[in-house]
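Step one of this worksheet: look at the structure below.
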Amino acid sequence: MNFVVMGVAGCGKSTIARALADKLSLAYLEGDDFHSPQNVALMSEGLALTDSDRKPWLQAINQEMQLKVSNQQSFVLSCSALKQSYRRLLAKDVSPLLFVYLQGTQALIEQRIAMRQDHFMPMALVKSQFATLEEPRDDEHYISVNITHSVHEIIDKVIASVKSEI
């Protein structure tokens, strides 16, 4: 199984994805590492990315995911994957793939972003992240986990969900 841990900035994607990768002994991919310097600069200035800004980023991630699958190396990716169209692009020719949607309120996310240090995503973009977010739908392969749970509880929920599918 391959995983994309998704959600808005500040929901804990990287923390959960790393912990899940460690627990399952899978490769870890950080979606932010695939952003162009131009995208990072835009976000650092508090400017929301457009779909055209995001497309090359998502394509680069998808290419890396396809490479991992072709090499029979399972992985966990942290990536916002905010829109259904982004998730479709990410999932292209990558199977099996489960999206893990980390769900939280805007107030909680703002609180978490306010406590962050050394990250390019400013508080000003939280509202745009929620405006862009299209929650996964029934026709997508995903599970939803509330971020008020501990990292350990979230990982256990993901693993239990995968085991129930087998």
Side-chain angles (χ1 to χ4, degrees), residues 2-22 26-68 75-94 97-137 140-151 154-155 158:
N2 303 296
F3 302 87
V4 174
V5 179
M6 62 160 287
V8 298
C11 71
K13 292 181 298 289
S14 298
T15 299
I16 298 301
R18 276 191 204 101
L20 184 60
D22 288 347
L26 301 178
Y28 169 69
L29 301 171
E30 172 57 62
D32 286 343
D33 292 345
F34 293 84
H35 274 298
S36 68
Q38 295 85 0
N39 280 4
V40 173
L42 286 170
M43 289 183 285
S44 296
E45 293 173 23
L47 301 172
L49 298 180
T50 65
D51 285 354
S52 61
D53 294 326
R54 286 186 180 102
K55 188 172 182 179
W57 169 62
L58 295 166
Q59 289 171 326
I61 295 170
N62 175 259
Q63 288 173 355
E64 181 64 24
M65 291 166 54
Q66 286 183 33
L67 181 63
K68 294 278 189 220
F75 61 85
V76 180
L77 165 72
S78 62
C79 177
S80 54
L82 296 175
K83 288 185 177 182
Q84 184 182 35
S85 61
Y86 304 166
R87 294 188 292 274
R88 275 196 307 265
L89 201 157
L90 287 168
K92 183 177 183 258
D93 299 324
V94 178
L97 184 64
L98 176 67
F99 286 91
V100 178
Y101 171 40
L102 300 180
Q103 206 172 19
T105 65
Q106 187 169 336
L108 178 57
I109 297 298
E110 287 174 348
Q111 181 182 31
R112 287 183 174 191
I113 293 283
M115 294 186 312
R116 270 186 171 181
Q117 295 177 354
D118 301 325
H119 194 274
F120 60 81
M121 182 66 76
M123 176 74 76
L125 289 182
V126 172
K127 189 174 181 179
S128 75
Q129 290 257 303
F130 275 93
T132 301
L133 176 65
E134 295 172 0
E135 292 191 339
R137 302 183 324 201
E140 296 180 76
H141 192 217
Y142 81 99
I143 62 167
S144 182
V145 184
N146 190 299
I147 63 170
T148 58
H149 297 291
S150 71
V151 171
I154 292 171
I155 298 305
V158 172

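- Side chain of Gln129 to main chain of Ala9: a donor-acceptor pair is present (N/O by atom type, distance under 3.5 Å, no hydrogens or angles).
- If you run side chain to side chain contact (heavy atoms under 4.5 Å, CB included) between Phe99 and each of Leu77, Val4, Val5, only Val4 comes through.
- Nearest heavy atoms, Leu90 versus Cys79: CD1-SG, 3.8 Å.
- Residues passing the side chain to side chain contact (heavy atoms under 4.5 Å, CB included) test with Leu67 are Glu64, Ser70, Asn71, sequence neighbours excluded.
- Looking at Leu97 and His141, their side chains never come closer than 4.5 Å, going by heavy atoms from C-beta outward.
- Residues satisfying the side chain to side chain donor-acceptor pair (under 3.5 Å) criterion with Gln84, sequence neighbours excluded, are Arg88, Arg137.
- Side chains of Asp22 and Tyr28: no donor on one and acceptor on the other come within 3.5 Å.
- Legend: residues meeting side chain to side chain donor-acceptor pair (under 3.5 Å) with Arg18, ordered by chain and number and at least two apart, are absent.
- Considering every non-hydrogen atom in both Ala21 and Ala27, the closest pair reads CB-O, 4.1 Å.
- Here the CG atom belonging to Leu29 is positioned 13.0 Å from the CZ atom belonging to Phe3, to the nearest 0.5 angstrom.
- Between atom CD of residue Gln106 and atom CZ of residue Phe130 there is a gap of 5.5 Å, rounded to the nearest 0.5 Å.
- Between Arg54 and Leu49 the shortest heavy-atom distance is NH1-O, 2.9 Å.
- Listed by chain and residue number, Lys13, Trp57, Leu82 satisfy the side chain to side chain contact (heavy atoms under 4.5 Å, CB included) test with Ser80 (two or more places apart in sequence, or in another chain).
- For Ala60, the side chain to side chain contact (heavy atoms under 4.5 Å, CB included) partners are Phe34, not counting sequence neighbours.
- Using a 4.5 Å cut-off on side-chain heavy atoms (C-beta onward), Leu89 and Lys55 make contact.
- Note that CG of Asn2 and CG of Leu26 are 7.5 Å apart. Values are rounded to the nearest 0.5 Å.
- How far CD1 of Ile143 is from CG of Leu102: 9.0 Å, rounded to the nearest 0.5 Å.
- Of the possible donor and acceptor atoms, none in the side chain of Glu45 sits under 3.5 Å from a partner among the backbone N and O of Leu47.
- Applying the side chain to side chain contact (heavy atoms under 4.5 Å, CB included) criterion to Thr50, with sequence neighbours excluded, gives Ser52, Asp53.
- A search for side chain to side chain donor-acceptor pair (under 3.5 Å) contacts involving Gln38 returns Ser36, not counting sequence neighbours.
- Partners of Glu134 according to the salt bridge (Lys or Arg N to Asp or Glu O under 4.0 Å) rule, which considers only residues two or more places apart in sequence or in another chain, do not exist here.
- Nearest heavy-atom pair, Ala19 versus Val151, reported as atom, atom and distance to 0.1 Å: CB-CG1, 3.8 Å.
- The stretch residues 140-149 participates, sequence neighbours left out, in these salt bridge (Lys or Arg N to Asp or Glu O under 4.0 Å) pairs: Arg87-Glu140.
- In this view, Gln63 satisfies the side chain to side chain donor-acceptor pair (under 3.5 Å) rule with no residue, not counting sequence neighbours.
- The salt bridge (Lys or Arg N to Asp or Glu O under 4.0 Å) test applied to Lys92 returns no partner, not counting sequence neighbours.
- A pairwise comparison of heavy atoms in Val40 and His35 identifies CG2-CB, 3.9 Å as the closest pair.
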